[in-house]
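Just below is one structure, and these are the notes that go with it.
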Number of protein chains: 2
Amino acid sequence: MSIAIKDIALKLRVSPSTVSRALSGKDGVSEEMRQRIISYAEDCMFQVNPAAQALRTGKGSGLILIAPMNRPEVARIRDEILLTKLHQFFGSAFSLTVDNEENLEYYIKMALAENPQAIIVSGIWHQNFNLLEACNTHKTALLSIDSCLAGHDEIIIDRSTGTEQMTRMFLLSGCSHPVYFKHPEELDTEGYGRLSGIQRAYKEAGLELKPEYCVEFNPKKNDSQLGYEIFSELLKRSYVDAVFAFNDLAALGVQRAIHSFNPASNSEIKLVGFDDLPISTYLPTSLSSISIKLETLIEQASSMLQQRILDLNAPRERAIIPSTLLIRESSRITDRRIIGEIFRQTNHN
Amino acid sequence: MSIAIKDIALKLRVSPSTVSRALSGKDGVSEEMRQRIISYAEDCMFQVNPAAQALRTGKGSGLILIAPMNRPEVARIRDEILLTKLHQFFGSAFSLTVDNEENLEYYIKMALAENPQAIIVSGIWHQNFNLLEACNTHKTALLSIDSCLAGHDEIIIDRSTGTEQMTRMFLLSGCSHPVYFKHPEELDTEGYGRLSGIQRAYKEAGLELKPEYCVEFNPKKNDSQLGYEIFSELLKRSYVDAVFAFNDLAALGVQRAIHSFNPASNSEIKLVGFDDLPISTYLPTSLSSISIKLETLIEQASSMLQQRILDLNAPRERAIIPSTLLIRESSRITDRRIIGEIFRQTNHN
DNA sequence: CTGAAAGCGCTTACAG
DNA sequence: CTGAAAGCGCTTACAG
């Protein structure tokens, strides 16, 4: 068996109480004793048994992040940064991958059973239930990031600000035959979804977002493939001068379709994705995209959790992270006035 | 507080022992009693306290996977599939992200302290130490996947079989000015690294792999950017007809450099990446790449861990997963005989 | 400043 | 088939 506090106590001829106090930094040990204990514990590479500690104190490991298996690469990267950053604060940070969103409740309960200080649910949209009570009995802070656990602390990604800028760009640069990929399952509560931004830009311009501009995009597996298929078909029968491809992966497929159909038309069709994948800047024709400030999100998450831990009963908080259009080669704009117009400040909330 | 076994026992007027036996599926409870207990436990959404269970039995949560923060997307996907697949077998599966490989030892010790049934270390190359003893005292099975914890059960990715095929392709199709990106830190123990395959193909063809064919590729941050920079420079002063770009991300940068320099030369330069990212098929010019059979790796990992748990002291095992070239538009080959030659069977071990 | 003792929630050998 | 009891390793209120 591995070494325990009582082994150290025996060796050093003190009581386990003293060893515990010394190692956990509590008062009530002489500084000299503490140093002796710490030094010996290090020598024999002692580590407290987290299970025993958790059982005794009722508080388990620090943070557990719950995220779905199929999520865009940006979400994976976001979650990992969050995890390593919060590891420092919480002492430990594990993640749990949900293979099927319908099992979310099972996973959360499993996470709660560990009595962690905090749980983050990230990027899960298809399940909505309230766990405030369970969180309270476990004294666990729960933060919902880009997920729909309403009622808990929430960080919402406002995708509409970016798509609004994009749509303005399309309209201001005279695109009259746009195509907007529309995910039938994108929930658009409260106007933060992609579609809301598009609708706002049309309304603002006094124009109508005609139903024929929208194309259903509902990938079961490969976003790029579906983007390619949809657009190959579309190009055969329609003229298109602007595309919003829902995300960068799909935009990649669209780009390939355009390239196969007619390489020359590449520069005539404005193409915009979403997510700003690391690769998007380095495509042969770099891809315009929409992204959020990752640092802002990370900081928000960190501060909201710390706040919640200080007071589990304080009123729930909600932070909104806006998105922004990034103009690259796939939708070149040179006119400075248009650019000014696109990024003009608006407050939709 | 949340509900405990003794609460159920009280309510049902039985002893905690019986409740424990009923819930854990152990013998020694009448079937009728068991059903009554299970049904009540479900009603009140009882979950055992994992900390208490772990403390009592000396065995903690199922599986912990340790992986580095900066890894290619394919590795992320691989790890998540592994995690969800093994979750079923182990009952629980958490992952731990290492922000800095130098901290690996700290993370493994932290994981071991949880007394998990198994630990997987995945994709960590810069630390090598032996933890057999610690694993034995914790009765934890440790599997090293594409990492260098020699002495433990290991799954090795043999990158050389793919690069050997690629190099044959270059040579057989008459490329005389190749460029091979070479990572200075790629450890090449036992001939499984990218470079080994290239060397073997040259040797086999009776040709010399000249030093000027190799270019140092050592990305600190963005692989695509570095690929782009290296290749933009290269094109200015040399003629090139074949490129191995180390990975798909770098290949993307190379592709962009080629495209910027002279779009027409696109089809004259054979370009191959590594990893077979999901996007690589959908680039305007689809990217040739090298990949491994993911299913084989997952199955191996699963069976090796299960084996190890049955017998912690059995001799350590080692499995080798070969890689294969995938020929796409970035290195078109039409001659059937050449294709036959490229994929000719060889045994280098 | 230090130690003896209780108890967190569970499981399991032992007794019936 | 069922229950009483011990104990996993830790922490903390209590006593000195």
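Keep in mind that the numbers below use all heavy atoms, side chains included, and drop hydrogens, waters and symmetry copies. Chain letters run A, B, ... following the sequence lines, proteins first, then strands; residues in each count from 1.
As judged by a 4.0 angstrom heavy-atom cut-off over every strand, A:Gly58 is placed among residues making no nucleic acid contact.
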(request) Just do the side-chain contact (heavy atoms from CB on, under 4.5 Å) check on B:Leu12 and B:Val19 with the steps written out, would you? (result) CA-CA 9 Å; B:Leu12 263 39; B:Val19 176; 5.7 Å; no
(request) Please lay out, stage by stage, how B:Leu305 and B:Asp153 fare under the test side-chain contact (heavy atoms from CB on, under 4.5 Å). (result) CA-CA 8 Å; B:Leu305 278 179; B:Asp153 286 326; 6.0 Å; no
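Note on A:Arg76 versus A:Glu80: no salt bridge recorded, every NZ/NE/NH1/NH2 to OD/OE distance being 4.0 Å or above.
The distance from atom CG of A:Leu23 to atom P of C:dT2 is 14 Å, rounded to the nearest whole Å. To the nearest angstrom, C1' of C:dC1 lies 19 Å from CZ of A:Arg13. What separates NZ of A:Lys139 from P of C:dC8 is a distance of 14 Å, to the nearest Å. A straight line from CD of A:Glu114 to C1' of C:dG9 spans 14 Å, rounded to a whole angstrom. Between B:Leu12 atom CG and D:dC1 atom C1' there is a gap of 16 Å when expressed in whole angstrom units.
Contacts between residues 33-44 of chain A and DNA chain C, counted as heavy-atom distances below 4.0 Å, involve A:Met33.
Remark: side-chain polar atoms of B:Lys59 are paired, donor with acceptor, to backbone N or O of B:Asn115 under 3.5 angstrom. Between the side chain of A:Arg308 and the backbone N or O of A:Ala314 there is at least one donor-acceptor pair closer than 3.5 Å. Listed for the B:Ser20 side chain is no donor-acceptor partner under 3.5 Å among the backbone atoms of B:Pro16.
Comparing B:Glu31 and B:Leu55 against DNA chain D, the residue whose closest nucleotide sits nearer the 5' end is B:Glu31.
Contacts classified as ring pair (Phe, Tyr, Trp, His ring centres under 6.0 Å) and involving residues 55-87 of chain B (residues at least two apart or in different chains) are given here: A:Tyr107-B:His87.
If you check the side chains of A:Glu133 and A:Thr137, you find no donor sitting under 3.5 Å from an acceptor.
If you take atom C1' in D:dG16 and the same atom in D:dT12, they sit 16 Å apart, rounded to whole Å.
Partners of B:Lys6 under the side-chain hydrogen bond (donor to acceptor under 3.5 Å, both in side chains) rule, at least two apart in sequence or in another chain, do not exist in this structure. Not counting sequence neighbours, B:His152 has no partner by the ring pair (Phe, Tyr, Trp, His ring centres under 6.0 Å) test.
Pairing analysis of DNA chain C (Watson-Crick: purine N1 to pyrimidine N3 plus N6-O4 or O6-N4; G-U wobble: N1-O2 and O6-N3; both under 3.5 Å) yields stems of 3 or more pairs at C:1-3 with D:14-16, C:5-12 with D:5-12, C:14-16 with D:1-3.
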(request) Between protein and nucleotides 10-16 of chain D, map the contacts as a letter string: B base, S sugar-phosphate only, - none, heavy atoms under 4.0 Å, written 5' to 3'. (result) BBBB---
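Test A:Ile292, A:Leu83, A:Leu297 against A:Arg78 for side chain to side chain contact (heavy atoms under 4.5 Å, CB included) and you get one pass: A:Leu297.
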